[in-house]
Amino acid sequence: MPNLKNPSPPADGYRGRFAPSPTGPLHAGSLVAALGSWLDARQNQGKWLIRIEDLDTPRCIPGADQEILRQLLACGLSWDGELTWQSKHQDRYKKALKRLNELQTIYPCTCSRQSIAGALEARGVVTPRNQEMVYPGSCRPQQIPLYEDENIFKVEAAWRLALPPDLSIHFEDLALGKQSQNLNQEVGDFVLRRRDGIFTYQLAVVVDDAEQGITHIVRGADLLNNTARQIHLQSILGYPIPSYLHLPLVLDAHGEKLSKQTLANAIHTENAQQALQELRKAAKHLGLKDLPDGKDTSIAEWLLAATQAWNRKITSS
Ligand code: GLU
Ligand code: ZN
């Protein structure tokens, strides 16, 4: 992992978070995100909050949230404050969507994946495999009107955010350095509320990070590509922009991202020895050096040493 830059801690205190989706137990990759965000919070004498991102109900597995919490505790990764579940925050998301309507920046879309693919094909746009289609704006009105609030939640349509023309977002990632993304060219007007009524990750994560006063987001590099969208939403909603640090991804033997859906990838935390071995692997992946091998160390002692190693890594760059 590249060297990290040390941001000055915010005056009103560091607040970090880990935001797992309960689609399965923790695996090596999600443990890296949990450990990295925990160490960064502890190193900054900050708070580390947990938010269960359970909005995409068809993908959630009952009981996976409790399993994740058990695994975190087995690894000594204790959290601050109350646990939260996104499924309990519908009112917040509704309010944010209404606000965006007032700003006349959202519009309904009834396109299917197929019709979007067709519209792109007609324009000669080829979407590389593994990449999301860039929405061509088929349903976007010339002028975005003000919609009736009640209608937003009734119509059988997805709601998309209308991007201003030629919008490039630039930000500094504390691990990866300068980043930029042209949202029009790389994403297009994106969905905030799905046709089935489910609020999307992009909207929910931004609303909750702001509501919870999160100042530092430390998460896996698989989410890097979402950051520009989130920064744009934060700026139009008038929220503070947190700092971002994306951690290296853990890949499987075929070079693919680990999936929570495959139980084979779950980590083992049934006893302290196993938990410590999983933590050591995660720390190695984070590039932490000179850590105790764990034979005669308790998890608490090992985590203290890891926090110091994280500190050395940050201050040496
Ligand atoms: N819920 C997301 C995931 O598990 C993480 C969201 C985030 O950290 O922004 O991939
Ligand atoms: Zn559409």
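Start at 1 and go down the list; that is how both ligands and their atoms are numbered.
- Residues passing the side-chain hydrogen bond (donor to acceptor under 3.5 Å, both in side chains) test with Arg280, sequence neighbours excluded: Gln277.
- Within the protein, the number of N/O/S atoms found under 2.8 Å from the Zn ion (ligand 2) is 4.
- Just one of Tyr201, Phe199, Trp159 meets the ring pair (Phe, Tyr, Trp, His ring centres under 6.0 Å) condition when paired with Tyr93; it is Phe199.
- Those atoms of ligand 1 that come under 4.0 Å of a heavy atom in Val205, given as number and element, are 9 (O).
- The minimum heavy-atom distance between Glu278 and Leu31, with the atom names listed, is O-CD2, 3.6 Å.
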Taking distance alone, no hydrogens or angles, what donor-acceptor pairs closer than 3.5 Å link side-chain atoms of residues 101-112 to residues at least two apart or in another chain?
from   : atom 1 : to     : atom 2 : distance (Å)
Asn101 : OD1    : Tyr147 : N      : 3.1
Asn101 : ND2    : Tyr147 : O      : 2.8
Asn101 : ND2    : Asp149 : OD1    : 3.3
Glu102 : OE1    : Arg99  : NH1    : 2.8
Gln104 : NE2    : Ile144 : O      : 2.8
Thr105 : OG1    : Leu100 : O      : 2.9
Tyr107 : OH     : Asp189 : OD2    : 2.6
Ser112 : OG     : Gln114 : N      : 3.4
Ser112 : OG     : Ser115 : N      : 3.0
Ser112 : OG     : Ser115 : OG     : 3.4

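- Gln230 does not count as a contact of ligand 1, since none of its heavy atoms falls under 4.0 Å from the ligand.
- Within the 4.0 Å heavy-atom criterion, the part of Leu223 lying near ligand 1 is the side chain and not the backbone.
- Scanning for salt bridge (charged side-chain N to carboxylate O under 4.0 Å, His left out) contacts around Asp91 gives an empty result, with sequence neighbours left out.
- Other residues, nucleotides and ligands contribute at most 12 non-hydrogen atoms within 6.0 Å of the CD atom of Glu121.
- The atoms of ligand 1 that sit less than 4.0 Å from any heavy atom of Arg17 are 7 (C), 8 (O), 9 (O).
- Contact annotation: for Phe18 versus ligand 1, there are no heavy atoms closer than 4.0 Å.
- For the residue pair Gln212 / Arg17, no side-chain donor-acceptor distance below 3.5 Å is found, with atom types taken as modelled.
- A perpendicular orientation is assigned to the rings of Trp48 and Trp38, their planes being inclined by more than 60° (bins at 30° and 60°).
- For ligand 1 and Glu53, the ligand atoms under 4.0 Å from any heavy atom of the residue are 1 (N), 2 (C), 5 (C), 6 (C).
- Close contacts between ligand 1 and Arg219 involve ligand atoms 7 (C), 8 (O), 9 (O) [criterion: under 4.0 Å to a heavy atom].
- Atom CG of Asp296 sits in a sparse spot, with 12 or fewer heavy atoms from other residues, nucleotides or ligands closer than 6.0 Å.
- Close contacts between ligand 1 and Ser21 involve ligand atoms 1 (N), 2 (C), 3 (C), 4 (O) [criterion: under 4.0 Å to a heavy atom].
- A salt bridge is absent between Asp80 and Arg15; no separation between the charged side-chain nitrogens and carboxylate oxygens falls under 4.0 Å.
- Interface of Tyr201 with ligand 1, defined as ligand atoms under 4.0 Å from a residue heavy atom, comprises 6 (C), 7 (C), 9 (O).
- Placement of Leu249 and Leu247 in two distinct hydrophobic clusters is found when ILVMFWY residues are connected by side-chain heavy-atom separations under 4.5 Å, directly or transitively.
- Considering backbone and side-chain atoms alike, Asp222 places every N or O at 3.5 Å or more from each N or O of ligand 1.
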